[in-house]
Amino acid sequence: MRRALRLRAERRQLMTAEADVLGEIRRLRARVPQLTGALAASADGLVLASDTAEAEGVAALTAAALGVALRLTEATGQGGFKELLVRGETGYVATYAAGSSAVLTVLAEPRINVGRLHLEARRAGARIGELVDGALERTQDA
């Protein structure tokens with residue numbers, strides 16, 4: 001019961017950061033016009049902020065991919081998860097660590113400069129991580 005209450009309080013605090021996280025996503029989209037969508041989610045697939053269609057489904061798939069990526073980096077001795085890039089026929093899906101408990105997933109056109117994508121999304125992920133981790137710390141202090 002205590003765990004359930006704690007999780008509920010954490011989710012409520014995460015949602016208080018939603019406006020700030022959404023603002024960071026919008027700034028990222030303005031800096032990288034080839035992005036077609038973006039979302040921030042908790043590691044377990046809870047959408048924190050999004051400006052893309054089908055955000056819940058993308059967040060759930062991101063959580064599944066994150067689980068595989070974590071196991072892969074651990075099994076190969078590559079350290080903690082930082083990012084994952086998938087290239088499809090019509091574009092990219094990239095996921096970046098955002099603090100200790102969230103991720104940033106972006107969708108991009110095939111013509112995007114991947115180096116620029118990494119540069120800008122890593123910065124946005126770091127800022128989103130600060131926002132989310134700060135919200136979680138306030139929950140623990142309360």
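Index from 1, following the sequence. Remember, it's a predicted structure, so these values are computed and weren't measured experimentally. Side-chain atoms are counted along with the backbone in the values below, which use heavy atoms only and exclude waters and symmetry mates.
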Just grab all the ring-ring contact (aromatic ring centres under 6.0 Å, His included) pairs involving [range], residues at least two apart or on different chains.
range           : answer
residues 95-131 : Y96-H118
residues 40-70  : none
residues 21-60  : none

- Message: Could you work out, with side-chain contact (heavy atoms from CB on, under 4.5 Å) as the rule, every residue matching A102, not counting sequence neighbours?
- Response: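 In terms of side-chain contact (heavy atoms from CB on, under 4.5 Å), with neighbours along the sequence ignored, A102 is linked to L48, A98, V132.
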Side-chain donor-acceptor pairs under 3.5 Å in residues 123-131, sequence neighbours left out?
{"from": "R127", "atom 1": "NH1", "to": "E130", "atom 2": "OE1", "distance (Å)": "3.3"}

- Message: If hydrophobic residues (ILVMFWY) are linked whenever their side-chain heavy atoms come closer than 4.5 Å, directly or via other members, who joins V68 in its cluster?
- Response: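 Besides V68, the cluster holds no residue at all.
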Which atom of [X] lies closest to which atom of [Y], heavy atoms considered:
X    : Y    : answer
L117 : A94  : CD2-CB, 4.2 Å
V21  : A49  : CG1-CB, 3.7 Å
L22  : S50  : CD1-O, 3.6 Å
T36  : A108 : OG1-N, 3.9 Å

- All salt bridge (charged side-chain N to carboxylate O under 4.0 Å, His left out) counterparts of R71, not counting sequence neighbours: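 With sequence neighbours excluded, R71 shows a salt bridge (charged side-chain N to carboxylate O under 4.0 Å, His left out) to no residue whatsoever.
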- Message: Holding to salt bridge (charged side-chain N to carboxylate O under 4.0 Å, His left out), I want the full list of residues that pass it with E109, two or more places apart in sequence or in another chain.
- Response: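 Salt bridge (charged side-chain N to carboxylate O under 4.0 Å, His left out) list for E109, sorted by chain: R111.
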- Item | Any pair counted as salt bridge (charged side-chain N to carboxylate O under 4.0 Å, His left out), so long as it reaches residues 26-38, sequence neighbours left out |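 Pairs touching residues 26-38 that pass the test: E24-R27, E24-R31, R29-D51, R31-E120.
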- Item | Any pair counted as salt bridge (charged side-chain N to carboxylate O under 4.0 Å, His left out), so long as it reaches residues 84-95, sequence neighbours left out |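 Every pair satisfying salt bridge (charged side-chain N to carboxylate O under 4.0 Å, His left out) with a residue in residues 84-95: there are none.
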Name every donor-acceptor pair, under 3.5 Å, that has one atom in a side chain of residues 74-83 and the other anywhere in the protein, sequence neighbours excluded.
{"from": "T76", "atom 1": "OG1", "to": "L72", "atom 2": "O", "distance (Å)": "2.8"}
{"from": "T76", "atom 1": "OG1", "to": "T73", "atom 2": "O", "distance (Å)": "3.4"}
{"from": "Q78", "atom 1": "NE2", "to": "T76", "atom 2": "O", "distance (Å)": "3.1"}
{"from": "E83", "atom 1": "OE1", "to": "R122", "atom 2": "NE", "distance (Å)": "2.8"}
{"from": "E83", "atom 1": "OE1", "to": "R122", "atom 2": "NH2", "distance (Å)": "3.3"}
{"from": "E83", "atom 1": "OE2", "to": "R122", "atom 2": "NH2", "distance (Å)": "2.7"}

- Message: Is there a continuous path of hydrophobic side-chain contacts, each under 4.5 Å between heavy atoms, that joins V103 to L70?
- Response: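 Yes, V103 connects to L70 through the hydrophobic network.
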- Taking the side chain as every heavy atom from C-beta outward, state whether I112 and L35 have any atom pair closer than 4.5 Å.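 I112 reaches L35 side chain to side chain.
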- Partners passing side chain to side chain donor-acceptor pair (under 3.5 Å) against T62 (at least two apart in sequence or in another chain):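 By the side chain to side chain donor-acceptor pair (under 3.5 Å) rule, T62 matches T105.
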